[in-house]
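Comments concern the structure below.
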Amino acid sequence: MTQDELKQAVARAALAHVVEGEIVGVGTGSTANFFIAELAALGQRIRGAVASSEATRQRLEEHGISVVDLNHVDRLPVYVDGADEIDHALQMIKGGGGALTREKIVAAVAAKFVCIADQSKLVPVLGRFPLPVEVIPMALNHVSRQLARLGGEPRLREGCITDNGNLIVDLHGLEIADAVDLERRINQIVGVVTNGLFACRPADICLLATPGGVKTLVAA
Ligand code: 5RP
């Protein structure tokens, strides 16, 4: 199976978690894009979707799915999104597409976070994928110095401006032993909007695409 076939299979499997008659939260990235295509087939059976990025909002609308402002939603049963890395505790690194802050906001509101990933994303220890950090532009040098003190190598993502008008610094070379602690410590640096660790609010389940079928993982 190709990686795209794996992504499509896991996107289709996620439909089983969508609650009919409700709003669904939709993530960002190539796996989420496969999910949007699957979601479109449900038509009026969902009330609409909350988008985790401008790119996702646009794609949802192109597929005829009505997009709802998160502030107009009083409950969000499910959020479906991909990940750059996920471990056996279902903690993740996200933000490869630069949408980490809005993704984290939608995930915080959702009752259930369903991570959809192909098997290449499952890792024993988070950190091989550079950890994205969204930074207020005037704080770039300050934040980069503070991040370097944590042991990684901060690199500005060239040419990337987030949907919120900010910069992304990718922190390379980490081996993350305590993801909850690191998520909190980075978020306390003044000038950081948020970082791409989803450890304080991990996924509730992970649908993992393998050549042998889609497996359901729950936290170890
Ligand atoms: C975007 C994300 C994505 O979920 C993550 O990058 C995975 O993307 P893909 O499904 O394309 O591998 O966090 O900010």
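One distance of note links CG of L126 with CD1 of I93; it measures 5.0 Å at 0.5 Å rounding. Note that the NZ atom of K94 and the CG atom of L197 stand 12.0 Å from one another [nearest 0.5 Å]. Taken to the nearest 0.5 Å, the CZ atom of R47 stands 6.0 Å off from the CD atom of E22. Expressed to the nearest 0.5 Å, how far CD1 of I23 lies from OG of S66 amounts to 6.5 Å. Between I116 atom CD1 and K121 atom NZ the span is 9.5 Å, to the nearest 0.5 Å. Rounding to the nearest 0.5 angstrom, the gap separating the CD atom in Q58 from the OG atom in S53 is 9.5 Å.
With no hydrogens or angles considered, no side-chain donor-acceptor pair links T194 and T101 at under 3.5 Å. Between the side chains of S120 and D118, at least one donor N or O sits under 3.5 Å from an acceptor N or O.
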Would you check, one step at a time, whether the test side-chain contact (heavy atoms from CB on, under 4.5 Å) holds for V193 with T162?
-> CA-CA 11 Å; V193 180; T162 70; over 6 Å; no

Residues F35, L15; criterion side-chain contact (heavy atoms from CB on, under 4.5 Å); working and verdict = CA-CA 8 Å; F35 176 66; L15 284 184; 4.1 Å; yes

Could you walk me through whether V18 and V78 pass the side-chain contact (heavy atoms from CB on, under 4.5 Å) test, one step at a time?
-> CA-CA 7 Å; V18 172; V78 181; 5.6 Å; no

Run the side-chain contact (heavy atoms from CB on, under 4.5 Å) check on T216 and L207 step by step: do they pass?
-> CA-CA 5 Å; T216 300; L207 302 177; 3.5 Å; yes

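Taking the side chain as every heavy atom from C-beta outward, R59 and I65 never approach each other to under 4.5 Å. At least one side-chain heavy atom of I186 sits under 4.5 Å from a side-chain heavy atom of L147. Counting heavy atoms from C-beta outward, N187 and K104 have side chains that approach closer than 4.5 Å. D163 is listed as a side-chain neighbour of R102, based on a closest heavy-atom distance under 4.5 Å. Put simply, the side chain of M92 does not reach to within 4.5 Å of the side chain of D81, judged on heavy atoms. Within the 4.5 Å cutoff, side-chain heavy atoms of T28 are placed close to those of E103. Using a 4.5 Å heavy-atom cutoff, the side chains of L217 and L122 are in contact. Counting heavy atoms from C-beta on, the side chains of Y79 and S52 come closer than 4.5 Å.
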Please report, to 0.1 Å, the donor-acceptor pairs under 3.5 Å made by any side chain of residues 166-180, with sequence neighbours excluded.
from, atom 1, to, atom 2, distance (Å)
N166, ND2, E134, OE2, 2.9
D170, OD1, R157, NH2, 2.8
D170, OD2, R157, NE, 2.9
D178, OD1, V180, N, 3.4
D178, OD1, D181, N, 3.1

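Put simply, the side chain of Q146 never gets that close to the backbone of I189: no donor and acceptor are under 3.5 Å apart. With hydrogens and angles disregarded, a donor-acceptor distance shorter than 3.5 Å links the side chain of D204 to the backbone of F113.
A salt bridge links R57 and E54; the closest N-O separation between the charged side-chain nitrogens and carboxylate oxygens is under 4.0 Å.
Heavy-atom minimum distance, V68 versus G48: CG2-CA, 4.4 Å. The minimum heavy-atom distance linking A111 with P77 is given by the pair CB-O, 3.5 Å. Closest of all the heavy-atom pairs between A139 and G191 is CB-CA, 3.6 Å. Of all the heavy atoms in N195 and L100, the pair that sits closest is C-CD1, 3.4 Å. Closest approach of R201 and A110 over heavy atoms only: NH2-O, 3.1 Å. In this structure, G165 and P137 approach most closely via the heavy-atom pair O-CG, 3.8 Å.
Judged by a 6.0 Å distance limit and a 45° cone about the ring axis, K7 is not positioned over the six-membered ring of F34.
L182 is not connected to F198 by any chain of hydrophobic side-chain contacts under 4.5 Å among Ile, Leu, Val, Met, Phe, Trp and Tyr, and they are in different clusters. Transitive grouping of hydrophobic side chains (ILVMFWY, heavy atoms separated by less than 4.5 Å) keeps M138 and I161 in distinct clusters. Residues V19 and V67 are members of one and the same hydrophobic cluster, defined by side-chain heavy-atom contacts under 4.5 angstrom among Ile, Leu, Val, Met, Phe, Trp and Tyr. Both V10 and I36 are part of a single hydrophobic cluster, where members link through side-chain heavy atoms under 4.5 Å apart. Cluster membership check: I86 does not share its hydrophobic cluster with V114, using side-chain heavy-atom separations under 4.5 Å among Ile, Leu, Val, Met, Phe, Trp and Tyr.
Counting heavy atoms of neighbouring residues, nucleotides and ligands inside a 6.0 Å radius, atom CZ of R128 does not exceed 12 of them.
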